[in-house]
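Bear in mind that the values here come from a model prediction, so they are computed numbers and not experimental data. FYI, side chains are in, hydrogens and waters are out, and symmetry mates aren't considered; it's all heavy atoms of this structure.
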Amino acid sequence: QVQLVESGGGLVQPGGSLRLSCAASGIIFSSYDMAWYRQAPGKQRELVAFIRSDGSTNYADSVKGRFTISRDNAKSMVYLQMNSPKPEDTASYYCSIWGTIYWGKGTLVTVSS
């Protein structure tokens, strides 16, 4: 069955860096577009970054220039490199197969000094 497992969350200081990982299984990973979403307490889930099967990317305006999404098709992994995070980036981050019902369970990122 399809599984998405996020890891790498934790506490990070403003201006630091953190890399989130998502391991996918049960799919032909290279064929799918992938996405990272986030949900802060009391807020709706929002799209953070998107990477197509061809490697092209899109970002939410709020993270453009700070976050980088990437993928390793050989390992069936998608990553989110978070540089210079801000307190407002605090949220649970979720990996998803674009356009499907498949989501991971999320990993919590807390940005605080």
Spacing of [atom1] belonging to [X] relative to [atom2] belonging to [Y], to within rounding of 0.5 Å:
| X | Y | atom1 | atom2 | answer |
| --- | --- | --- | --- | --- |
| Ile69 | Asn58 | CD1 | CG | 9.5 Å |
| Gln3 | Ser25 | CD | OG | 4.5 Å |
| Ser30 | Asp72 | OG | CG | 11.0 Å |
| Arg38 | Gln44 | CZ | CD | 14.0 Å |
| Asp89 | Ser62 | CG | OG | 7.0 Å |
| Phe29 | Lys75 | CZ | NZ | 12.0 Å |

List in chain and number order the residues that pass ring pair (Phe, Tyr, Trp, His ring centres under 6.0 Å) with Tyr59, two or more places apart in sequence or in another chain; answer none if no residue qualifies. none

Trp36 and Phe67: aromatic ring centres closer than 6.0 Å? no

Is a side-chain donor or acceptor of Glu6 paired with a backbone partner of Gly106 at a separation under 3.5 angstrom? yes

Examine distances only and state if a side-chain atom of Ser96 and a backbone atom of Tyr102 form a donor-acceptor pair shorter than 3.5 Å. yes

Looking at [X] and [Y], what are the two nearest heavy atoms and their distance?
| X | Y | answer |
| --- | --- | --- |
| Ser21 | Met77 | CB-CE, 3.7 Å |
| Leu47 | Ala49 | CD1-O, 3.7 Å |
| Ser113 | Pro14 | N-CD, 3.7 Å |
| Arg66 | Ser84 | NH1-O, 2.9 Å |
| Gly55 | Thr57 | O-CG2, 3.5 Å |
| Gly9 | Val109 | CA-CG2, 4.1 Å |

Candidates Leu11, Leu18, Val12 - the one meeting side chain to side chain contact (heavy atoms under 4.5 Å, CB included) with Val111: Val12

Side-chain contact test, heavy atoms from C-beta onward, threshold under 4.5 Å: evaluate it for [X] versus [Y] and give yes or no.
| X | Y | result |
| --- | --- | --- |
| Ile27 | Ile97 | yes |
| Arg71 | Met34 | yes |
| Met82 | Ser17 | no |

Are more than 12 heavy atoms, taken from residues, nucleotides or ligands other than Tyr32, located less than 6.0 Å from that residue's OH atom? no

List in chain and number order the residues that pass side chain to side chain contact (heavy atoms under 4.5 Å, CB included) with Asp33, two or more places apart in sequence or in another chain; answer none if no residue qualifies. Phe50, Arg52, Ser53, Trp98

Taking only residues at least two apart or on different chains, which pairs with a member in residues 28-81 satisfy disulfide (SG to SG under 2.5 Å)? none

If you measure from the Lys or Arg side-chain nitrogens to the Asp or Glu carboxylate oxygens, is any gap between Lys64 and Asp61 under 4.0 Å? yes

Do Val2 and Ile51 share a hydrophobic cluster, counting only Ile, Leu, Val, Met, Phe, Trp and Tyr and linking them when any side-chain heavy atoms are less than 4.5 Å apart? yes

Following the transitive rule for hydrophobic clusters with a side-chain heavy-atom cut-off under 4.5 Å over Ile, Leu, Val, Met, Phe, Trp and Tyr, establish whether Val48 and Leu4 coincide in one cluster. yes

side-chain contact (heavy atoms from CB on, under 4.5 Å) between Cys95 and Val78, intermediate numbers included: CA-CA 8 Å; Cys95 173; Val78 61; 3.7 Å; yes

Do Arg45 and Tyr94 form a cation-pi contact, if we require the NZ or CZ to be under 6.0 Å from the six-membered ring centre and within 45 degrees of the ring's axis? yes

